[in-house]
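Structure first, commentary second.
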Amino acid sequence: MHIFYNHQHALHQGKVEMFRGELVPCFEVPARVDHVLAELQRRRFGTLQAPQTFDDAVLARIHSPRYLDFLQHAWDEWVALDAANAARDALPSVWPVRTLRSDVLPANFAARLGLFSMDAGSPLTSGTWAAARAGADCALSAASHVAAGARSAFVLTRPPGHHAGADFFGGYCFLNNAALAAQQLRDQGAARVAVLDLDYHHGNGTQAIFYERADVFFASIHGDPHTEYPFYLGYADERGAGSGLGFNRNLPLPRGTDFAVWRQALAAALQDIQAFGAQALVVSLGLDTFAGDPISGFKLASNDYLRVGEDLARAGLPTVLVFEGGYAVAEVGVNAVNVLQGFMQTSKP
Ligand code: SP5
Ligand code: ZN
(Lines give C-alpha, C1' and ligand atoms only; values in the text may rest on other atoms or scores of the structure.)
(Ligands and ions follow the chains in the order given, each with its own letter.)
Protein backbone atom coordinates (compact mmCIF):
# COMPACT_ATOMS: atom_id res chain seq x y z
CA MET A 1 0.00 0.00 0.00
CA HIS A 2 1.33 3.43 -0.89
CA ILE A 3 1.47 5.83 2.06
CA PHE A 4 1.11 9.53 1.27
CA TYR A 5 2.81 11.06 4.31
CA ASN A 6 2.56 14.77 5.07
CA HIS A 7 6.17 15.73 5.86
CA GLN A 8 4.96 19.16 6.96
CA HIS A 9 2.34 18.05 9.49
CA ALA A 10 4.33 19.25 12.52
CA LEU A 11 4.19 22.85 11.25
CA HIS A 12 0.70 22.78 12.78
CA GLN A 13 1.18 22.52 16.51
CA GLY A 14 -1.59 24.08 18.56
CA LYS A 15 -0.85 24.99 22.13
CA VAL A 16 -4.25 25.09 23.84
CA GLU A 17 -7.95 24.58 23.19
CA MET A 18 -10.97 25.87 25.10
CA PHE A 19 -12.57 23.26 27.37
CA ARG A 20 -15.01 24.01 30.21
CA GLY A 21 -13.91 27.59 30.57
CA GLU A 22 -10.23 26.77 30.60
CA LEU A 23 -7.50 26.60 28.04
CA VAL A 24 -6.21 23.01 28.16
CA PRO A 25 -3.33 21.42 26.18
CA CYS A 26 -4.32 20.32 22.68
CA PHE A 27 -5.29 16.68 22.16
CA GLU A 28 -4.47 16.88 18.47
CA VAL A 29 -0.65 16.75 18.61
CA PRO A 30 2.15 15.96 16.10
CA ALA A 31 3.14 12.82 18.07
CA ARG A 32 -0.06 11.16 16.79
CA VAL A 33 1.27 10.95 13.26
CA ASP A 34 4.83 10.25 14.47
CA HIS A 35 3.53 7.09 16.18
CA VAL A 36 1.74 5.91 13.04
CA LEU A 37 4.87 6.48 10.96
CA ALA A 38 7.03 4.64 13.53
CA GLU A 39 4.64 1.67 13.53
CA LEU A 40 4.61 1.53 9.72
CA GLN A 41 8.41 1.40 9.80
CA ARG A 42 8.55 -1.12 12.66
CA ARG A 43 6.32 -3.54 10.71
CA ARG A 44 7.94 -2.60 7.39
CA PHE A 45 4.43 -1.90 6.13
CA GLY A 46 3.77 0.08 2.96
CA THR A 47 5.98 2.38 0.92
CA LEU A 48 6.20 6.11 1.50
CA GLN A 49 5.23 8.02 -1.59
CA ALA A 50 6.07 11.67 -2.21
CA PRO A 51 2.89 13.65 -2.92
CA GLN A 52 2.35 15.68 -6.07
CA THR A 53 1.57 19.36 -5.67
CA PHE A 54 -1.83 20.55 -6.82
CA ASP A 55 -3.01 24.00 -7.78
CA ASP A 56 -5.17 25.97 -5.31
CA ALA A 57 -7.97 25.72 -7.90
CA VAL A 58 -8.33 22.04 -6.96
CA LEU A 59 -9.02 23.03 -3.34
CA ALA A 60 -11.73 25.35 -4.63
CA ARG A 61 -13.65 22.28 -5.89
CA ILE A 62 -14.55 21.80 -2.19
CA HIS A 63 -13.80 25.01 -0.28
CA SER A 64 -15.09 28.51 -0.94
CA PRO A 65 -12.62 31.03 -2.37
CA ARG A 66 -13.18 33.46 0.49
CA TYR A 67 -12.49 30.76 3.08
CA LEU A 68 -9.32 29.64 1.32
CA ASP A 69 -8.18 33.23 1.09
CA PHE A 70 -8.87 33.76 4.79
CA LEU A 71 -7.05 30.59 5.87
CA GLN A 72 -4.00 31.33 3.77
CA HIS A 73 -3.52 34.81 5.24
CA ALA A 74 -5.02 34.43 8.71
CA TRP A 75 -1.75 34.04 10.60
CA ASP A 76 -0.20 37.16 9.09
CA GLU A 77 -3.31 39.16 9.93
CA TRP A 78 -3.30 37.80 13.49
CA VAL A 79 0.30 38.92 14.00
CA ALA A 80 -0.41 42.26 12.31
CA LEU A 81 -2.99 42.96 15.03
CA ASP A 82 -0.28 42.81 17.70
CA ALA A 83 3.31 41.61 17.35
CA ALA A 84 2.91 39.76 20.67
CA ASN A 85 0.34 37.52 18.93
CA ALA A 86 3.24 35.70 17.27
CA ALA A 87 3.68 33.85 20.56
CA ARG A 88 0.03 32.75 20.89
CA ASP A 89 -2.42 30.79 18.77
CA ALA A 90 -5.54 32.38 17.32
CA LEU A 91 -8.79 31.09 18.84
CA PRO A 92 -12.21 32.50 17.90
CA SER A 93 -14.51 34.00 20.51
CA VAL A 94 -17.51 35.31 18.55
CA TRP A 95 -19.74 33.60 15.95
CA PRO A 96 -22.52 34.69 13.56
CA VAL A 97 -25.19 32.30 14.86
CA ARG A 98 -28.75 32.23 13.44
CA THR A 99 -30.11 35.79 13.13
CA LEU A 100 -26.62 37.30 12.74
CA ARG A 101 -25.27 37.89 9.24
CA SER A 102 -22.71 35.63 7.60
CA ASP A 103 -22.97 37.16 4.13
CA VAL A 104 -20.95 40.26 5.03
CA LEU A 105 -17.19 39.79 5.28
CA PRO A 106 -16.09 41.92 8.25
CA ALA A 107 -12.82 43.84 8.17
CA ASN A 108 -12.17 42.96 11.82
CA PHE A 109 -9.97 39.85 12.06
CA ALA A 110 -11.67 38.40 15.17
CA ALA A 111 -15.00 38.72 13.39
CA ARG A 112 -13.68 36.85 10.36
CA LEU A 113 -12.06 34.20 12.58
CA GLY A 114 -15.51 33.53 14.04
CA LEU A 115 -17.26 33.69 10.66
CA PHE A 116 -15.02 30.93 9.32
CA SER A 117 -15.05 28.61 12.37
CA MET A 118 -17.36 26.41 14.44
CA ASP A 119 -15.63 26.12 17.82
CA ALA A 120 -12.89 27.45 20.10
CA GLY A 121 -11.08 24.13 20.20
CA SER A 122 -9.13 24.44 16.97
CA PRO A 123 -6.19 26.81 17.33
CA LEU A 124 -4.94 28.44 14.16
CA THR A 125 -1.14 28.65 14.31
CA SER A 126 1.79 29.99 12.30
CA GLY A 127 2.09 26.72 10.37
CA THR A 128 -1.56 25.74 10.07
CA TRP A 129 -1.97 26.75 6.43
CA ALA A 130 1.31 25.13 5.31
CA ALA A 131 0.54 21.88 7.14
CA ALA A 132 -3.08 21.67 6.01
CA ARG A 133 -2.17 22.64 2.44
CA ALA A 134 0.51 19.91 2.26
CA GLY A 135 -1.99 17.44 3.72
CA ALA A 136 -4.48 18.31 0.99
CA ASP A 137 -1.79 17.53 -1.58
CA CYS A 138 -1.36 14.11 0.08
CA ALA A 139 -5.11 13.42 -0.07
CA LEU A 140 -5.33 14.52 -3.70
CA SER A 141 -2.25 12.46 -4.60
CA ALA A 142 -3.66 9.35 -2.92
CA ALA A 143 -6.94 9.78 -4.80
CA SER A 144 -5.10 10.20 -8.10
CA HIS A 145 -3.06 7.08 -7.36
CA VAL A 146 -6.24 5.07 -6.74
CA ALA A 147 -8.00 6.63 -9.73
CA ALA A 148 -5.06 5.45 -11.84
CA GLY A 149 -5.70 1.86 -10.81
CA ALA A 150 -4.15 1.20 -7.39
CA ARG A 151 -6.26 -0.88 -5.02
CA SER A 152 -5.63 1.39 -2.05
CA ALA A 153 -3.65 4.26 -0.57
CA PHE A 154 -3.27 5.72 2.92
CA VAL A 155 -3.12 9.45 3.64
CA LEU A 156 -1.03 9.96 6.77
CA THR A 157 -1.60 13.57 7.68
CA ARG A 158 -2.70 16.03 10.29
CA PRO A 159 -4.42 18.33 11.02
CA PRO A 160 -7.43 16.10 10.29
CA GLY A 161 -10.20 17.21 7.93
CA HIS A 162 -13.71 15.80 8.34
CA HIS A 163 -15.19 18.58 10.51
CA ALA A 164 -14.07 21.29 8.06
CA GLY A 165 -16.90 22.51 5.84
CA ALA A 166 -16.80 24.32 2.54
CA ASP A 167 -16.17 27.57 4.41
CA PHE A 168 -15.28 26.88 8.02
CA PHE A 169 -12.74 25.16 10.26
CA GLY A 170 -13.34 23.41 13.58
CA GLY A 171 -12.94 20.13 15.41
CA TYR A 172 -9.16 20.39 14.81
CA CYS A 173 -9.83 20.41 11.02
CA PHE A 174 -9.05 23.07 8.39
CA LEU A 175 -9.12 21.52 4.92
CA ASN A 176 -11.39 18.53 4.33
CA ASN A 177 -8.95 15.90 3.09
CA ALA A 178 -11.58 13.17 2.64
CA ALA A 179 -13.88 15.47 0.65
CA LEU A 180 -10.97 16.58 -1.53
CA ALA A 181 -10.08 12.92 -2.18
CA ALA A 182 -13.68 12.03 -3.04
CA GLN A 183 -13.98 14.98 -5.43
CA GLN A 184 -10.67 14.06 -7.06
CA LEU A 185 -11.90 10.50 -7.62
CA ARG A 186 -15.03 11.95 -9.24
CA ASP A 187 -13.02 14.34 -11.39
CA GLN A 188 -10.76 11.51 -12.52
CA GLY A 189 -13.60 9.33 -13.73
CA ALA A 190 -15.38 7.51 -10.90
CA ALA A 191 -19.08 8.21 -11.49
CA ARG A 192 -20.13 7.27 -7.96
CA VAL A 193 -17.92 7.68 -4.88
CA ALA A 194 -18.72 6.75 -1.28
CA VAL A 195 -17.24 8.36 1.81
CA LEU A 196 -17.37 6.18 4.92
CA ASP A 197 -16.58 8.10 8.10
CA LEU A 198 -15.41 5.89 10.98
CA ASP A 199 -14.16 8.63 13.31
CA TYR A 200 -15.87 8.75 16.73
CA HIS A 201 -17.16 12.22 15.88
CA HIS A 202 -19.67 12.79 13.10
CA GLY A 203 -18.06 14.12 9.93
CA ASN A 204 -20.25 17.19 9.74
CA GLY A 205 -18.05 18.96 7.20
CA THR A 206 -17.99 16.09 4.74
CA GLN A 207 -21.73 15.47 5.12
CA ALA A 208 -22.57 19.13 4.48
CA ILE A 209 -20.27 19.35 1.46
CA PHE A 210 -22.03 16.45 -0.31
CA TYR A 211 -25.52 16.73 1.24
CA GLU A 212 -27.30 17.78 -1.95
CA ARG A 213 -25.34 15.55 -4.30
CA ALA A 214 -26.29 12.14 -5.66
CA ASP A 215 -22.82 11.31 -6.97
CA VAL A 216 -21.15 11.10 -3.53
CA PHE A 217 -22.74 8.90 -0.88
CA PHE A 218 -21.82 9.77 2.72
CA ALA A 219 -22.13 7.24 5.53
CA SER A 220 -20.97 7.78 9.11
CA ILE A 221 -20.81 5.75 12.32
CA HIS A 222 -20.27 7.98 15.35
CA GLY A 223 -21.14 8.93 18.89
CA ASP A 224 -24.74 10.12 19.24
CA PRO A 225 -24.69 13.90 18.68
CA HIS A 226 -27.26 14.35 21.46
CA THR A 227 -24.28 13.94 23.79
CA GLU A 228 -21.16 13.93 21.58
CA TYR A 229 -19.27 16.54 19.55
CA PRO A 230 -20.10 18.04 17.01
CA PHE A 231 -23.64 18.04 18.54
CA TYR A 232 -25.38 20.00 15.78
CA LEU A 233 -25.27 17.39 13.00
CA GLY A 234 -25.10 13.62 12.62
CA TYR A 235 -28.65 12.49 13.47
CA ALA A 236 -30.21 9.46 11.80
CA ASP A 237 -32.94 11.51 10.11
CA GLU A 238 -30.39 13.37 7.96
CA ARG A 239 -30.85 11.52 4.67
CA GLY A 240 -29.68 14.13 2.16
CA ALA A 241 -31.59 16.91 0.40
CA GLY A 242 -32.64 17.86 -3.12
CA SER A 243 -31.07 15.51 -5.64
CA GLY A 244 -28.92 14.21 -2.75
CA LEU A 245 -31.96 12.85 -0.91
CA GLY A 246 -31.26 9.22 0.00
CA PHE A 247 -27.49 9.59 -0.40
CA ASN A 248 -26.62 10.29 3.24
CA ARG A 249 -26.69 7.72 6.04
CA ASN A 250 -25.95 8.41 9.69
CA LEU A 251 -25.55 5.62 12.22
CA PRO A 252 -25.23 7.31 15.63
CA LEU A 253 -24.43 4.98 18.52
CA PRO A 254 -24.48 5.63 22.27
CA ARG A 255 -21.36 6.23 24.37
CA GLY A 256 -20.03 2.90 25.57
CA THR A 257 -20.78 0.99 22.35
CA ASP A 258 -18.54 -2.08 21.93
CA PHE A 259 -17.07 -3.63 18.79
CA ALA A 260 -19.82 -6.25 18.26
CA VAL A 261 -22.49 -3.56 17.95
CA TRP A 262 -20.20 -1.10 16.12
CA ARG A 263 -19.34 -3.82 13.57
CA GLN A 264 -23.04 -4.34 12.78
CA ALA A 265 -23.28 -0.64 11.97
CA LEU A 266 -20.22 -1.02 9.73
CA ALA A 267 -21.94 -3.88 7.90
CA ALA A 268 -25.06 -1.74 7.42
CA ALA A 269 -23.03 1.19 6.08
CA LEU A 270 -21.08 -1.05 3.70
CA GLN A 271 -24.32 -2.62 2.48
CA ASP A 272 -25.65 0.86 1.65
CA ILE A 273 -22.44 1.67 -0.17
CA GLN A 274 -22.77 -1.50 -2.27
CA ALA A 275 -26.43 -0.73 -3.02
CA PHE A 276 -25.41 2.78 -4.10
CA GLY A 277 -23.06 1.20 -6.63
CA ALA A 278 -19.92 3.01 -5.49
CA GLN A 279 -16.96 2.71 -7.82
CA ALA A 280 -14.48 4.03 -5.25
CA LEU A 281 -14.40 4.44 -1.47
CA VAL A 282 -12.87 7.09 0.76
CA VAL A 283 -12.58 6.11 4.44
CA SER A 284 -12.30 8.85 7.05
CA LEU A 285 -10.19 6.74 9.38
CA GLY A 286 -10.54 8.11 12.88
CA LEU A 287 -9.04 5.87 15.56
CA ASP A 288 -10.80 7.67 18.41
CA THR A 289 -13.26 4.74 18.59
CA PHE A 290 -10.51 3.05 20.68
CA ALA A 291 -11.47 2.21 24.27
CA GLY A 292 -8.48 4.16 25.58
CA ASP A 293 -9.23 7.38 23.73
CA PRO A 294 -9.16 10.31 26.17
CA ILE A 295 -12.00 12.33 24.58
CA SER A 296 -14.29 9.64 23.13
CA GLY A 297 -16.65 6.90 24.31
CA PHE A 298 -16.60 3.73 22.17
CA LYS A 299 -14.91 0.53 23.30
CA LEU A 300 -12.92 -0.87 20.37
CA ALA A 301 -9.75 -2.82 21.22
CA SER A 302 -6.52 -2.77 19.24
CA ASN A 303 -7.16 -6.20 17.68
CA ASP A 304 -10.60 -5.10 16.51
CA TYR A 305 -8.94 -2.77 14.01
CA LEU A 306 -7.63 -5.81 12.10
CA ARG A 307 -11.25 -6.89 11.62
CA VAL A 308 -12.19 -3.35 10.53
CA GLY A 309 -9.55 -3.50 7.80
CA GLU A 310 -10.78 -6.93 6.71
CA ASP A 311 -14.39 -5.75 6.52
CA LEU A 312 -13.36 -2.71 4.46
CA ALA A 313 -11.34 -4.87 2.05
CA ARG A 314 -14.28 -7.21 1.49
CA ALA A 315 -16.23 -4.28 0.03
CA GLY A 316 -13.90 -4.84 -2.93
CA LEU A 317 -13.60 -1.16 -3.86
CA PRO A 318 -10.59 0.97 -4.78
CA THR A 319 -10.04 2.67 -1.43
CA VAL A 320 -8.38 5.83 -0.11
CA LEU A 321 -7.95 5.72 3.67
CA VAL A 322 -7.52 9.14 5.28
CA PHE A 323 -6.18 9.55 8.83
CA GLU A 324 -8.57 11.63 10.99
CA GLY A 325 -8.89 11.60 14.80
CA GLY A 326 -7.45 9.30 17.47
CA TYR A 327 -5.97 10.77 20.65
CA ALA A 328 -4.67 7.77 22.59
CA VAL A 329 -1.29 8.80 21.28
CA ALA A 330 0.77 5.77 22.37
CA GLU A 331 -1.69 3.32 20.78
CA VAL A 332 -2.82 5.21 17.68
CA GLY A 333 0.05 3.84 15.56
CA VAL A 334 -0.75 0.19 16.30
CA ASN A 335 -4.47 0.79 15.79
CA ALA A 336 -4.06 2.59 12.46
CA VAL A 337 -1.61 0.06 11.04
CA ASN A 338 -3.86 -2.78 12.21
CA VAL A 339 -6.59 -1.43 9.93
CA LEU A 340 -4.15 -1.22 7.02
CA GLN A 341 -2.79 -4.71 7.71
CA GLY A 342 -6.29 -6.20 7.96
CA PHE A 343 -7.12 -4.54 4.66
CA MET A 344 -4.03 -5.79 2.85
CA GLN A 345 -4.21 -9.37 4.14
CA THR A 346 -7.77 -9.72 2.84
CA SER A 347 -8.42 -10.39 -0.82
CA LYS A 348 -11.42 -8.94 -2.62
CA PRO A 349 -14.53 -11.16 -2.60
C1 SP5 B 1 -11.03 15.07 14.14
C2 SP5 B 1 -11.60 14.95 15.51
O3 SP5 B 1 -11.61 13.86 16.08
N4 SP5 B 1 -12.04 16.07 16.11
C5 SP5 B 1 -12.61 16.01 17.41
C6 SP5 B 1 -12.87 17.37 17.95
C7 SP5 B 1 -13.40 17.28 19.35
N8 SP5 B 1 -13.37 18.56 19.99
C9 SP5 B 1 -14.05 18.61 21.24
C10 SP5 B 1 -13.20 17.97 22.29
C11 SP5 B 1 -13.85 18.01 23.62
C12 SP5 B 1 -12.83 17.58 24.63
N13 SP5 B 1 -13.44 16.90 25.68
C14 SP5 B 1 -12.49 16.55 26.71
C15 SP5 B 1 -13.04 15.53 27.62
C16 SP5 B 1 -11.99 15.18 28.63
N17 SP5 B 1 -12.48 14.18 29.52
ZN1 ZN C 1 -12.90 12.36 16.12
Side-chain angles (χ1 to χ4, degrees), residues 6 9 12 14-33 36 89 91-92 95 117-124 128 131-132 135-136 139 155-165 168-181 195-209 220-234 250-253 255-257 262 282-300 305 308 321-329 331-332 335-336 339:
N6 179 4
H9 77 85
H12 174 71
K15 295 178 176 71
V16 287
E17 61 183 78
M18 180 67 80
F19 177 64
R20 294 187 184 157
E22 279 190 316
L23 293 171
V24 304
C26 286
F27 292 93
E28 201 290 289
V29 293
R32 300 173 56 244
V33 156
V36 180
D89 300 342
L91 285 178
W95 290 273
S117 67
M118 63 178 279
D119 67 19
S122 311
L124 201 155
T128 297
V155 182
L156 180 53
T157 190
R158 51 169 294 284
H162 74 146
H163 295 302
F168 61 88
F169 68 92
Y172 317 148
C173 302
F174 297 86
L175 295 175
N176 194 314
N177 301 310
L180 287 162
V195 181
L196 174 58
D197 194 317
L198 303 181
D199 190 279
Y200 179 74
H201 306 96
H202 176 253
N204 61 282
T206 315
Q207 171 173 310
I209 285 163
S220 180
I221 304 165
H222 50 269
D224 185 344
H226 278 109
T227 59
E228 306 308 302
Y229 185 92
F231 309 118
Y232 310 113
L233 211 64
N250 282 326
L251 295 154
L253 297 170
R255 265 192 101 79
T257 294
W262 188 93
V282 176
V283 178
S284 264
L285 187 62
L287 287 310
D288 41 11
T289 48
F290 179 56
D293 195 274
I295 66 168
S296 309
F298 289 166
K299 296 282 176 249
L300 274 65
Y305 292 103
V308 174
L321 298 119
V322 181
F323 190 57
E324 300 276 5
Y327 308 99
V329 175
E331 292 94 349
V332 75
N335 295 344
V339 174

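In each ligand, atom 1 is the first atom listed, and ligand 1 is the first ligand listed.
- Within Asp288, the N, O or S atom lying nearest to the Zn ion (ligand 2) carries the name OD2.
- At the shortest separation from atom 8 (N) of ligand 1 among protein heavy atoms lies Tyr172 OH, 3.6 Å.
- With a 4.0 Å cut-off on non-hydrogen atoms, Glu324 does not touch ligand 1 at all.
- The closest approach between any non-hydrogen atom of Tyr200 and ligand 1 is not below 4.0 Å.
- Looking only at side-chain heavy atoms (C-beta outward), Ile295 and His201 come within less than 4.5 Å of each other.
- Of all protein heavy atoms, the one closest to atom 13 (N) of ligand 1 is Phe19 CE1, 3.4 Å.
- For atom 4 (N) of ligand 1, the nearest protein heavy atom (residue, atom name, distance) is Gly171 O, 3.0 Å.
- Expressed to the nearest 0.5 Å, how far OG1 of Thr157 lies from NE2 of His9 amounts to 8.0 Å.
- Put simply, the side chain of Glu228 does not reach to within 4.5 Å of the side chain of Ser296, judged on heavy atoms.
- Judged by the shortest distance from any of its heavy atoms, Glu28 lies outside the 4.0 Å radius around the atoms of ligand 1.
- Proximity of His201 to ligand 1 is established by a heavy-atom distance of less than 4.0 Å.
- Counting only residues at least two apart or in different chains, salt bridge (charged side-chain N to carboxylate O under 4.0 Å, His left out) contacts with residues 286-299 are absent.
- The distance from ligand 1 to the heavy atoms of His162 drops below 4.0 Å at these ligand atoms: 1 (C).
- Here the side chains of Cys26 and Lys15 are not in contact, with every heavy-atom distance at 4.5 Å or above.
- When every heavy atom of Ala179 is checked against every heavy atom of Ile209, the shortest pair comes out as CB-CD1, 4.0 Å.
- At a 4.0 Å heavy-atom cut-off, ligand 1 touches Asp288 through the side chain alone.
- A pairwise comparison of heavy atoms in Pro160 and Tyr172 identifies CD-O, 3.3 Å as the closest pair.
- What you find for Phe27 and Tyr327 is that their closest heavy atoms are O-CD2, 3.4 Å.
- The protein non-hydrogen atom at the shortest distance from atom 7 (C) of ligand 1 is Tyr229 CD2, 3.7 Å.
- Among protein heavy atoms, atom 17 (N) of ligand 1 sits closest to Pro294 O, 3.9 Å.
- Shortest contact from atom 2 (C) of ligand 1 to any protein heavy atom: Tyr327 OH, 2.7 Å.
- Atom CD1 in Ile221 sits 5.5 Å away from atom CG in Leu196 (nearest 0.5 Å).
- Closest heavy-atom contact between Met118 and Pro230: CE-CB, 3.9 Å.
- With sequence neighbours left out, the side-chain contact (heavy atoms from CB on, under 4.5 Å) criterion links Val16 to Leu23.
- Residue side and main chain included, Asp199 places an N/O/S atom under 2.8 Å of the Zn ion (ligand 2).
- Interface of Pro160 with ligand 1, defined as ligand atoms under 4.0 Å from a residue heavy atom, comprises 1 (C).
- Counting just the N/O/S atoms of His201, the one with the shortest distance to the Zn ion (ligand 2) is named ND1.
- Residue Gly325 has at least one heavy-atom neighbour below 4.0 Å for each of these atoms of ligand 1: 3 (O).
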